[in-house]
Amino acid sequence: MPKDFIRDIITQDIENGVYDRPITTRFPPEPNGFLHIGHAKSIVLNFGVAQEFGGVCHLRFDDTNPETEDMVYVESIMRDVRWLGYDWGEHLYFASDYYEQLYQFAEELIRRGLAYVDSLSEEEIRAYRGTVTQPGRESPYRHRSVEENLNLFRRMRAGEFPDGAHVLRAKIDMASPNMLLRDPILYRIKHARHYRTGDQWCIYPMYDFAHPLSDGIERITHSLCTLEFENNRAIYDWLVDHLIPPPQPRQYEFARLELDYTVLSKRYLRQLVEEGHVRGWDDPRMPTLSGLRRRGVTPEAIRAFVERVGVAKTNSRVELALFEHTIRDDLNTRAPRVMAVLNPLKVIITNYPEGQTELIEASYWPRDIPKEGTRPVPFSREIYIERDDFALEPPKGYKRLAPGRSVRLRHAYVITCDEVIQDPATGEVVALHCSYLPDSLGTRPEGVKVWSAIHWVDAQASIPAEVRLYDRLFRTPDPYDVEEGGSFLDNLNPDSLKIVTTARVEPSVLRDPPDTRYQFERLGYFIQDSEDSRPDALVFNRIITLRDRWAQKTRPQPAPTTRPRSRPQPPPQEPVIPEKESLSEARARARAQNPNLQAAYQTLQERLGLTPQQADIITGNIDQVRFFHQAVTTYPQGGQALANWFINRLLALLKERPITDLPFDGAAFARLVKQVEEGIIHQRQGQQVLEIMVRTGQDPEAIIAAQGMRKVSDEDALRAVVEQTLAAHPEKVAAYRQGKTGLLGFFMGQVMGATQGQADPQVAKRLLEEALLGK
RNA sequence: UGGGGGAUAGUUUAAUCGGCAGAACGGGUGACUCUGGAUCACUUAGUCGGGGUUCGAAUCCCUGUCCCCCAGCCA
């Protein structure tokens, strides 16, 4: 299983013993639509990590909006998750089963003064919320008494108010820069019938309230969701920290899956179905799990695909080629080979006895698939081959049948094209007269050039079938990339479905279970359509084509369209460019307001020779100036070094904290720098000491002594280590001498390791280079 | 614009403490072949830009740029 940042976090949590229970995750769909391949990523992640870490994964329906949800979705979702190969055991839950508990949580918040009933209208609430740049204003109802809130909330539940009359809101911060924290709505009144609880409730919890608390109720440990919920984590934590006993669940966000040539938003998928652009939610062109299932894609392929994509935090759009590769890879070892001809061209084998039929035992599997099994394939005087497999005038590189040329009929004889029968009116080729080599069954004929092997079916014994050829639903990698005012429907691929009614398949398929996936040799992978295929009227779906290097070579790529992109345009630039204050500008402003800072800024440059940039960073605030001043007083010769250490090392360890948090002063800092400058220890050791100082506040001298740190610059001693290192890695030495100079870092690492980090890196590097180049 | 995230080959994704930028898909070339499939070999190509620290930077510091998310009583 690939590693990713989520698995790293879980591994650490386990190591640190954070949780008192097994790792518990959940897959939490809202039952208002069908699952698609994007959900598969979430399912595989949630169930996958639970399995790997010996935990459990719950299936929970987040059904808090009665208006859109339905039992049919619940059932289809359960079916799809099971089909993907996952089992939630007894852990099937519904947020709607928690309504009473959630209600009690809400009352508790009210009693603790953390929630209130707001009676503003929807429009007013929107107006009071402010904008992303302007803080919101408090509702006049924000300071109602606990009693009044409780009374109102209970009456909301009792159904005394119409929709929209009141809402329950958390009392957080109307001025928060995070919009979601501006007193988020917890409950709304909806006199709507819920598919599970019926008319029992007329107030329903919002996602932001129900989700974290449901996680809490189920004792989830890791709540994994997609990136767009990053801002919601603040409410998640607020609720869970107030209402759920520790150790609480924590939310982590990963990037949702996006796929080339595909839309995955519920809204657009619904539009495709409702406007009839596809034949339904399970149309084999749809990215829904039901569509992929009907198409013939296996759950194993889907799992393998999403695992290959990986889990990270970068928004990404995966190439369809990867999905297609995974599907082929899966089917290659799984699908028996049979023959079918899509576009038949009759071939009469003139020297084959009329009325005779023989049965050829043909293997279901090619040499490289370690499986056994054969079926009889009838062969007689009249057969069909693929029209594409014959060319009157073969282009350069063409390896198939042509006048005078010979090819192998797969599993059967070698034939030679003697005569082409054409329609005198149109010139269309209507049949071929060929002769066969009776001795060529299973052996390579001598003295004949056999150009290739082609597939065929017997004219009499083969069975007619309808074949549906599917292609990508959209013609552009990003279907949302549309002309101004256009719609994603403009990018629909008009050729996403081609129905072939002329196809003929070999008769053996009638003996197989109807859900058998085949490779039709040289054509692709196929499966009978689960809805429309009948034994007396076969219908096949093409799951995926074979990789076709010939087609790739002959069809010169239609020059990549360099049509100018018309993504959602950023709003027309305002004439006034609002100045965003950067950190450097903030520092400049601080200096302008504080003459002491300004003076320090000047002094550092004039007395110590610091660059304006160095001085700028150090004089960011008065505490830093004080600290640095103390350091310079302690070690007056160390100006430049002190500045570098301060900026590059100390600030890095400080992160966002103020410098006054440090458990040591500028003098101790300066003494450390001095140790390095005077060669007692080297740079890297100095960094280690500084880290310990930040952690413990100990004196640098004490740390150096305790760690037994020193710098080894003795050339003879180091030369011995260098020799040993090179001797231990002869192949790396060779590679280095070949020009892979990046390996110097590797050798340095080895030398430093061998000397417990005490080697003087400058000396070591010189010796290393001498030894590597000298020989 | 305020806030929250993100940026590594064409794509997706790795890289313990700062120490060999690795893989898969795609592209290209070739071998093999009773599938122009599969397989195998070789190959192509990368740390967002600019400064700095360091023996050494994808990783640390400064700075700039670009992308995504948030103003539903949806989830």
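Labels below follow one simple rule: chain letters A, B, ... track the order of the sequence lines, proteins then strands, and each chain is numbered from 1.
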Heavy atoms under 4.0 Å, any strand shown: does [X] hit a base, just sugar-phosphate, or nothing?
| X | answer |
| --- | --- |
| A:Phe229 | base |
| A:His455 | nothing |
| A:Arg169 | nothing |
| A:Gly753 | nothing |
| A:Leu743 | base |
| A:Leu583 | sugar-phosphate |
| A:Asp208 | nothing |

Classify the angle between the aromatic ring planes of [X] and [Y] as parallel (below 30°), tilted (30 to 60°) or perpendicular (above 60°).
| X | Y | result |
| --- | --- | --- |
| A:His194 | A:Tyr204 | parallel |
| A:Tyr187 | A:Phe153 | perpendicular |
| A:His166 | A:Phe161 | perpendicular |
| A:Phe379 | A:Tyr413 | tilted |

Next on the checklist: Measuring only between side-chain heavy atoms, which start at C-beta, is A:Val132 closer than 4.5 Å to A:Met179?
Outcome noted: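 In short, these two side chains touch, coming nearer than 4.5 Å.
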
Checklist entry - How about A:Val712 and A:Asp760: do any of their side-chain heavy atoms sit closer than 4.5 Å? => result no

Item to check | Which residues share a ring pair (Phe, Tyr, Trp, His ring centres under 6.0 Å) with A:Tyr518, sequence neighbours left out | outcome: none

Distances under 3.5 Å between nitrogen or oxygen atoms of protein and nucleotides 36-43 of chain B:
from  : atom 1 : to       : atom 2 : distance (Å)
B:G36 : OP1    : A:Arg522 : NE     : 3.3
B:G36 : OP1    : A:Arg522 : NH1    : 2.5
B:G36 : O2'    : A:Asp548 : OD1    : 3.2
B:G36 : N7     : A:Arg400 : NE     : 3.0
B:G36 : N7     : A:Arg400 : NH2    : 2.9
B:G36 : O6     : A:Lys399 : N      : 2.8
B:G36 : O6     : A:Arg400 : NE     : 3.4
B:G36 : N1     : A:Gly397 : O      : 2.9
B:G36 : N2     : A:Gly397 : O      : 3.3
B:G37 : N1     : A:Asp368 : OD2    : 3.4
B:G37 : N2     : A:Arg337 : NH2    : 3.4
B:G37 : N2     : A:Asp368 : OD1    : 3.3
B:G37 : N2     : A:Asp368 : OD2    : 3.4
B:A38 : OP1    : A:Arg547 : NH1    : 3.4
B:A38 : OP2    : A:Arg547 : NH1    : 3.0
B:A38 : O2'    : A:Asn332 : ND2    : 3.2
B:A38 : O2'    : A:Asp368 : OD2    : 3.4
B:A38 : N3     : A:Asp368 : OD2    : 2.8

Checklist entry - Does the ring center of A:Tyr207 lie less than 6.0 Å from the ring center of A:Phe229? => result yes

[atom1] spacing across the pair [N] / [M], given as an integer number of angstrom:
| N | M | atom1 | value |
| --- | --- | --- | --- |
| B:G5 | B:C17 | C1' | 27 Å |
| B:U59 | B:U8 | C1' | 12 Å |
| B:A24 | B:A14 | C1' | 11 Å |
| B:A23 | B:C40 | P | 15 Å |
| B:C25 | B:G46 | C1' | 16 Å |
| B:G10 | B:A45 | C1' | 8 Å |
| B:A58 | B:U16 | P | 13 Å |
| B:G64 | B:G2 | P | 13 Å |

Checklist entry - Since syn is defined as within 90° of 0, does B:C48 count as syn or as anti? => result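 Here B:C48 takes the anti form, which means its glycosidic angle is more than 90° from 0.
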
Checklist entry - Syn or anti for B:G72, with syn set at within 90° of 0? => result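 That one's syn.
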
Taking N or O atoms only and anything under 3.5 Å, show me the protein contacts with nucleotides 71-74 of chain B, one pair per line.
from  : atom 1 : to       : atom 2 : distance (Å)
B:G72 : OP2    : A:Arg126 : NH1    : 3.1
B:C73 : OP1    : A:Arg129 : NH2    : 3.2
B:C73 : OP2    : A:Arg129 : NH1    : 3.2
B:C73 : OP2    : A:Arg129 : NH2    : 3.3
B:C73 : N4     : A:Glu122 : N      : 3.3
B:C73 : N4     : A:Gly164 : O      : 3.3
B:C74 : OP2    : A:Arg188 : NE     : 3.1
B:C74 : OP2    : A:Arg188 : NH2    : 2.9
B:C74 : OP2    : A:Lys190 : NZ     : 3.3
B:C74 : O3'    : A:Arg188 : NH2    : 3.2
B:C74 : O2'    : A:Asn65  : ND2    : 3.1

Interface polar pairs with nucleotides 4-15 of chain B, N/O, under 3.5 angstrom:
from  : atom 1 : to       : atom 2 : distance (Å)
B:G5  : O2'    : A:Glu230 : OE1    : 3.2
B:G5  : O2'    : A:Glu230 : OE2    : 2.5
B:G10 : N2     : A:Glu319 : OE1    : 3.0
B:U11 : O4'    : A:Glu319 : OE2    : 3.1
B:U11 : O3'    : A:Arg317 : O      : 3.4
B:U12 : OP1    : A:Arg317 : N      : 3.2
B:U12 : O2'    : A:Val309 : O      : 2.6
B:A14 : OP1    : A:Val311 : O      : 3.4

Rounding to a whole Å, what distance do you find between [X]:[atom1] and [N]:[atom2]?
| X | N | atom1 | atom2 | answer |
| --- | --- | --- | --- | --- |
| A:Phe646 | B:C60 | CZ | C1' | 15 Å |
| A:Asp63 | B:A75 | CG | P | 10 Å |
| A:Leu654 | B:C60 | CG | P | 15 Å |
| A:Glu324 | B:G26 | CD | C1' | 11 Å |

Checklist entry - Is it true that atom CZ of A:Arg766 has more than 12 heavy atoms of other residues, nucleotides or ligands lying nearer than 6.0 Å? => result yes

Without hydrogens or angle criteria, can the side chains of [X] and [Y] be said to hold a donor-acceptor pair below 3.5 Å?
| X | Y | result |
| --- | --- | --- |
| A:Gln251 | A:Glu253 | yes |
| A:Arg26 | A:His211 | yes |
| A:Ser121 | A:Glu124 | yes |
| A:Glu69 | A:Ser96 | no |
| A:Thr611 | A:Gln613 | no |
| A:Thr131 | A:Thr133 | yes |
| A:Asn644 | A:Gln614 | yes |
| A:Asp215 | A:Tyr236 | yes |

Next on the checklist: Output one letter per nucleotide in nucleotides 45-56 of chain B: B when a protein non-hydrogen atom lies under 4.0 Å from the base, S when only the sugar-phosphate is that close, - when neither is.
Outcome noted: -------BBSBB

Next on the checklist: If we check side-chain hydrogen bond (donor to acceptor under 3.5 Å, both in side chains) with A:His455, which of these qualifies: A:Glu521, A:Arg410, A:Glu386?
Outcome noted: A:Glu386

Item to check | Strand RNA chain B as a dot-bracket string - pairs counted if Watson-Crick or G-U with both distances under 3.5 Å, | where the partner lies in another strand | outcome: .((((((..((((.....[..))))((((((.......))))))...(((((..]....))))))))))).....

